[in-house]
Amino acid sequence: MENFFQQLLFGLSLGSTYALIALAITLVFRGMDVINFAQGEFFMAGAFLGYVFHVDLELSMWLALPLSMISAYILGSLIERIFLRKLEDNSNGFSLLVMTIALFIMMRAVAQLIFGSSAYRFPAMTDTVLKFGGVQISAQYVIVICTTFIIMALLYVLFTKTSLGLQLRAVAQDKTTARMMGINVSRVNNMTFGLCSVLGAVAGIVYVPIAVLTFDMGQLIILKGFTAALLGGLGLVSGAVLGGFSLGVIEQYGTLLLSSAYKDLVSFSILLLIILLKPNGLLGKKQIQKV
């Protein structure tokens with residue numbers, strides 16, 4: 001039983017990371033009608049930004065984290081403005097999708113050029129070991145979970161209590177109507193992309209102490225985040241959260257039944273099953289299109 005609860009905490013920690021990436025994918029999809037395949041690279045870039053500020057420049061984590069978030073927002077906003085803005089009104093959206101794939105390749109190549117192919121160790125935010133009854137777990141795993149819930153609470157306040165949040169929701173609902181209401185859709189999309197870059201960066205910084213930091217770490221996380229978004233229901237914020245936590249827990253318990261070497265097999269098997277059996281996800285509803 002103790003092992004069951006310990007694996008549950010590990011799964012929730014892993015699922016928290018997937019949930020943040022799935023949230024970012026969902027927000028960009030709702031606002032810009034495209035799957036952002038470069039989202040995993042913001043996860044990687046954020047982790048490296050945190051490493052530079054915290055390890056190389058020897059700043060405290062409480063200073064390195066906000067600096068990394070600001071840098072990630074600026075990076076995301078610039079990328080949207082330079083590479084994506086002119087393609088947003090493309091009728092079929094295919095050019096925009098291809099551009100996000102190109103950005104994924106470019107950002108990974110730049111990271112490899114700057115940091116090389118070596119693996120880096122990111123120091124844990126705390127060495128404390130927490131005990132829950134007979135269960136022992138590093139506090140870093142709990143930090144990942146708590147950070148995710150804090151971000152979700154902040155996003156809830158943003159989307160429901162602020163003028164900016166209402167604009168973001170309006171653009172996600174109907175861009176044409178939003179323009180008629182005087183909302184600058186391009187500006188809102190730029191802010192959305194910057195916000196999602198921050199989500200990726202925070203996920204990378206809090207997760208990387210329990211993993212390793214490499215230039216290609218975003219390649220797998222984007223696939224897991226995409227799987228989580230599909231599992232919950234693509235385009236649904238609540239679905240992204242549910243899908244992320246569900247995938248993390250299922251993946252963790254799957255390693256108990258099989259082996260840690262088959263962890264990715266569990267995730268991608270779920271992806272295939274979703275596509276085949278329930279393409280609208282757990283919370284998605286079947287859409288009927290009138291012609």
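The shown structure was predicted, so the numbers you read here are calculated from the model rather than taken from an experiment. Position 1 is the first residue of the sequence; numbering continues from there.
Cluster membership check: I114 shares its hydrophobic cluster with F104, using side-chain heavy-atom separations under 4.5 Å among Ile, Leu, Val, Met, Phe, Trp and Tyr. Linking ILVMFWY residues whenever their side-chain heavy atoms come closer than 4.5 Å, directly or via other members, leaves I250 and L272 in distinct clusters. Hydrophobic clustering (side-chain heavy atoms under 4.5 Å, transitive across Ile, Leu, Val, Met, Phe, Trp, Tyr) groups F10 together with F4. Linking ILVMFWY residues whenever their side-chain heavy atoms come closer than 4.5 Å, directly or via other members, places F5 and L14 in the same cluster.
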Check residues 38-52 and write down every donor-acceptor pair under 3.5 Å in which the side-chain atom is one partner and the other belongs to a residue at least two apart or another chain.
from : atom 1 : to   : atom 2 : distance (Å)
Q39  : OE1    : N36  : ND2    : 3.4
Q39  : NE2    : C196 : O      : 2.9

Could you pull out all donor-acceptor pairs under 3.5 Å where a side-chain atom in residues 217-245 meets a protein atom, sequence neighbours excluded?
from : atom 1 : to   : atom 2 : distance (Å)
Q219 : OE1    : R108 : NH1    : 2.3
K224 : NZ     : Y18  : OH     : 3.3
K224 : NZ     : E251 : OE1    : 3.1
K224 : NZ     : D264 : OD1    : 2.9
T227 : OG1    : L223 : O      : 2.7

Show me the donor-acceptor pairs within less than 3.5 Å that the side chains of residues 159-166 make with the rest of the protein, sequence neighbours left out.
from : atom 1 : to   : atom 2 : distance (Å)
T160 : OG1    : Y156 : O      : 2.5
T162 : OG1    : L158 : O      : 2.4
T162 : OG1    : G165 : N      : 3.0

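Residue L247 holds its CG atom at 12.5 Å from CD1 of I21, rounded to the nearest 0.5 Å. For the atom pair CG of L113 and CE of M106, the computed distance is 12.0 Å after rounding to the nearest 0.5 Å. For the atom pair SG (C146) and CD1 (I151), the distance works out to 11.5 Å, reported to the nearest 0.5 Å. Atom OG1 of T100 is separated from atom CE of M32 by 9.5 Å, given to the nearest 0.5 angstrom. From L195, atom CG reaches atom CG of L23 across 9.5 Å, with rounding to the nearest 0.5 Å. Expressed to the nearest 0.5 Å, how far CG of L65 lies from CG of L59 amounts to 12.0 Å.
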Is there a side chain to side chain contact (heavy atoms under 4.5 Å, CB included) between L199 and L155 once you walk through the steps?
-> CA-CA 10 Å; L199 291 180; L155 285 175; 4.3 Å; yes
Please assess L84 against M99 for the test side chain to side chain contact (heavy atoms under 4.5 Å, CB included), listing each intermediate value before the final yes or no.
-> CA-CA 7 Å; L84 302 176; M99 180 58 77; 3.3 Å; yes
For S77 and N190, what are the C-alpha separation, side-chain angles and deciding distance, and is it a side chain to side chain contact (heavy atoms under 4.5 Å, CB included)?
-> CA-CA 6 Å; S77 296; N190 182 268; 3.5 Å; yes
Tell me, with the steps shown, if F29 and I35 meet side chain to side chain contact (heavy atoms under 4.5 Å, CB included).
-> CA-CA 6 Å; F29 179 75; I35 301 296; 3.7 Å; yes
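Between the side chains of Q112 and S117, a donor-acceptor pair is found at a separation under 3.5 Å.
By the 4.5 Å heavy-atom criterion applied to side chains, I183 and R179 are not counted as neighbours. Looking at heavy atoms from C-beta onward, Y207 lies in side-chain contact with I210 at the 4.5 angstrom threshold. Using a 4.5 Å heavy-atom threshold, the side chains of S16 and T147 count as separate. Taking 4.5 Å as the limit, every side-chain heavy atom of R121 sits out of range of all side-chain heavy atoms of L213. The side-chain heavy atoms of Y253 and V249, taken from C-beta on, include a pair separated by under 4.5 Å. A 4.5 Å side-chain heavy-atom check between V212 and F122 finds every atom pair outside the cut-off. Under the 4.5 Å side-chain criterion, counting only non-hydrogen atoms from C-beta, I145 is in contact with F149. Using a 4.5 Å heavy-atom threshold, the side chains of R187 and M191 count as touching.
The local environment of CE in M181 is sparse, with at most 12 non-hydrogen atoms from other residues, nucleotides or ligands closer than 6.0 Å. Within 6.0 Å of the CG atom in D56, the count of heavy atoms belonging to other residues, nucleotides or ligands exceeds 12.
As a member of the Ile/Leu/Val/Met/Phe/Trp/Tyr network built from side-chain separations under 4.5 Å, I150 groups with L154. By the 4.5 Å side-chain criterion applied to Ile, Leu, Val, Met, Phe, Trp and Tyr, V129 is assigned to no cluster and stands alone. Using a 4.5 Å cut-off between side-chain heavy atoms of Ile, Leu, Val, Met, Phe, Trp and Tyr, L273 falls into a hydrophobic cluster with L276, L277.
Among all heavy-atom pairs drawn from I205 and S68, the shortest one is CD1-CB, 3.4 Å. F215 and G116 make their closest contact through CD2-O, 3.8 Å (heavy atoms, listed as atom of the first residue, atom of the second, distance). A203 approaches L20 most closely through the heavy-atom pair CB-CD1, 3.7 Å. Of all the heavy atoms in V144 and S13, the pair that sits closest is CG1-O, 3.4 Å. Contact detail for Q167 and V188: the closest heavy-atom pair is OE1-CG2, 3.9 Å. Nearest heavy-atom pair, P123 versus V55, reported as atom, atom and distance to 0.1 Å: CD-CG2, 3.6 Å.
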